[in-house]
Amino acid sequence: MPLAPVIFVLGGPGSGKGTNCERLVKEFGFVHISAGDLLREETKKPDSTLGAQISGILARGEIVPSEITVALLTNRLKEYPENKVGFLVDGFPRKADQAKMFEDGVQKALSVLYFDCTEATMESRLLKRAAANATSAAARSDDNEETIRRRFRVNIEQCVPVVEGYKQEGRCTIIDANRDRDSVYKDVHETIVRLGFKVLP
Ligand code: AMP
């Protein structure tokens, strides 16, 4: 059975993907699924054989094998058969093979949103988040200077080429994500309306 439309939400770490997805959920009624959250959830399951393997990969800032990520994502999407609005799939695909596995095997994405942001801006946001969460359960093993550098390198080497492919196909909208939250969201909102989605009554 086909799923509701899928929008891939891409951008480097700290570019604002999650923040904007939360606002879109409230305004349009999307279901938001973050690949990073799915993987972090898996590490917290005491009975998951994959949990320990994933934990190490996250802490190093590397990409989790595509078979694992695609399987977790596909299972989660199937938990929402009642979703008629659409899915925001955030932080996926981060590698060309994931894009192919998902679009050939599950469903072609309707569109791609790319949050274009400088590394200086992303680094300052990630370090602020780390400081704010330092003593809370939301503290992340990868929001430290060394892992942030590795995440940036992975982003340039593996994720940006995926976006380039979507740009060439004309399926990608680029959002200037260096600005304040409301200016960024205004462009995101307009893009989503242009794609035919309706604000909830
Ligand atoms: P995020 O929450 O989007 O910042 O992602 C945190 C980490 O989860 C990344 O640095 C990767 O280690 C892993 N991750 C997130 N999305 C993916 C993906 N699509 N494929 C593989 N690993 C991922």
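Atom set for the values below is all heavy atoms of this structure, side chains included, hydrogens, waters and symmetry mates excluded. Indexing begins at 1, ligand by ligand and atom by atom, following the structure's order. Each residue takes its place number in the sequence, starting with 1. Remember, it's a predicted structure, so these values are computed and weren't measured experimentally.
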**Request:** Using a strict 4.0 Å threshold on nitrogen-to-oxygen distance, state whether Lys44 and Glu41 make a salt bridge.
**Result:** no
**Message:** Less than 4.0 angstrom from a charged side-chain N to a carboxylate O is my criterion; do Asp187 and Arg179 meet it?
**Reply:** yes
**Asked** Do you know which two heavy atoms are closest between Met101 and Ser66, and how far apart they sit?
**Response** CE-CB, 3.6 Å
**Prompt:** Heavy-atom distance under 4.5 Å between the side chains of Asp116 and Asp176, does that happen here?
**Reply:** no
**Request:** Non-hydrogen atoms closer than 4.0 Å to ligand 1: which protein residues do they belong to? List them by chain and number, please.
**Result:** Ala35, Gly36, Leu39, Arg40, Leu58, Glu62, Ile63, Val64, Thr69, Gly91, Phe92, Arg94, Gln98, Arg140, Asp142, Arg151
**Message:** Has Arg150 got a side-chain atom pairing as donor or acceptor with Arg60's backbone, closer than 3.5 angstrom?
**Reply:** yes
**Prompt:** Given Tyr114 and Glu164, is the side chain to side chain donor-acceptor pair (under 3.5 Å) satisfied, shown in steps?
**Reply:** CA-CA 10 Å; Tyr114 177 61; Glu164 290 301 326; over 6 Å; no
